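Single-structure report; data block below.
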Amino acid sequence: GDFMKRILIVSFMALLVGGLFAYFMFDSNVSNSVSVGSSYNAKAFQIGVFSREENAIRVAALNQGIVVPEGDLYRVYIAILNDKDAISYLEQYYGSVGINYYIRDINVSSEFLDKIRESEEKIKSCDNKNCSNIALSILNKYEESL
């Protein structure tokens, strides 16, 4: 009850602060740092931003996600997709199971997108039992590409 409520409030505040921080930190230099032709946009389903790695690891473990360090922060992603239909399918799925997420643009390589194309097709027809597993297999490929 109360403990969960506190965790949710703290998580939400962390997301808010992390989001604002990231917005102001990266907004000004994003356009210059992307070299044309070498990176592609994907959407990361982010469920938290943490300043302490152990908190990020715990949340990732509970939600079949991965921890992606970025500067002093640790982001937890539960899915990374490029295909529009797969993205909207997962949005509906996470909504139906009550997972709160924030969709974040990230840069990925074209090789990564090639590797996940098949999994993205599977996402579009996944049922509740295997959506998270397919998403996790994509996340593992993303971790390998880091």
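Predicted model, so just to flag it, every value in this text is computed and none were measured.
Side-chain N or O atoms of Tyr101 include none that pairs as donor or acceptor with a backbone N or O of Ala44 at under 3.5 Å. Side-chain atoms of Asn63 never come within 3.5 Å of backbone atoms of Ala60 as a donor-acceptor pair (strictly under, hydrogens ignored). Asn82 places a side-chain N or O within 3.5 Å of a backbone atom of Asn41 that can act as its donor or acceptor partner.
Of the inter-residue distances, the one linking Ser119 atom OG with Ile134 atom CD1 reads 7.0 Å to the nearest 0.5 angstrom. A distance of 10.5 Å separates CD1 of Ile106 from CZ of Arg75, quoted to the nearest 0.5 Å. Annotation: the span from Leu113 atom CG to Lys141 atom NZ amounts to 12.0 Å, rounded to 0.5 Å. The CD1 atom of Ile66 sits 5.0 Å away from the CD1 atom of Ile80 when rounded to the nearest 0.5 Å. To the nearest 0.5 Å, the span separating CD on Glu120 from NZ on Lys115 amounts to 14.0 Å. If you take OG on Ser51 and CG on Leu73, they are separated by 7.5 Å, rounding to the nearest 0.5 Å.
Here the shortest heavy-atom pairing between Tyr40 and Ser110 reads CE1-CB, 3.3 Å. Val108 and Ala42 make their closest contact through CG2-CB, 3.8 Å (heavy atoms, listed as atom of the first residue, atom of the second, distance).
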*Mind running side chain to side chain contact (heavy atoms under 4.5 Å, CB included) on Val76 and Phe50 for me, showing each step along the way?*
CA-CA 8 Å; Val76 178; Phe50 301 88; 3.7 Å; yes
*Begin from the C-alpha positions of Val49 and Tyr74 and carry the test side chain to side chain contact (heavy atoms under 4.5 Å, CB included) through to its verdict.*
CA-CA 6 Å; Val49 182; Tyr74 299 91; over 6 Å; no
*Between Lys43 and Asp105, is a side chain to side chain contact (heavy atoms under 4.5 Å, CB included) present by the stated rule, with each step listed?*
CA-CA 5 Å; Lys43 304 286 185 194; Asp105 284 313; 2.6 Å; yes
*For Tyr93 and Ile123, run side chain to side chain contact (heavy atoms under 4.5 Å, CB included): C-alpha distance rounded to whole Å, both residues' side-chain angles, the deciding distance at 0.1 Å, then the answer.*
CA-CA 10 Å; Tyr93 167 69; Ile123 286 271; over 6 Å; no
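Between Glu91 and Ile103 the shortest side-chain heavy-atom distance falls below 4.5 Å. The side-chain heavy atoms of Tyr89 and Cys126, taken from C-beta on, include a pair separated by under 4.5 Å.
Taking the six-membered ring wherever Trp is involved, the centroid distance between the rings of Phe45 and Tyr77 does not fall below 6.0 Å.
The 12-atom threshold is exceeded at CD of Gln64, counting heavy atoms of other residues, nucleotides or ligands nearer than 6.0 Å. Atom CG of Asp127 has more than 12 heavy atoms from other residues, nucleotides or ligands within 6.0 Å.
Cluster annotation: Ile57 and Leu62 are assigned to distinct hydrophobic clusters (Ile/Leu/Val/Met/Phe/Trp/Tyr, side-chain heavy-atom contacts under 4.5 Å, transitive). Both Val97 and Ile47 belong to a single network of hydrophobic side chains, linked directly or stepwise wherever heavy atoms of I, L, V, M, F, W or Y lie under 4.5 Å apart.
Ion pair Asp83/Lys124 flagged as a salt bridge, since at least one NZ, NE, NH1 or NH2 atom sits closer than 4.0 Å to an Asp/Glu carboxylate oxygen. Taking the charged nitrogens against the carboxylate oxygens, Arg104 and Glu70 do have a contact shorter than 4.0 Å, which makes a salt bridge.
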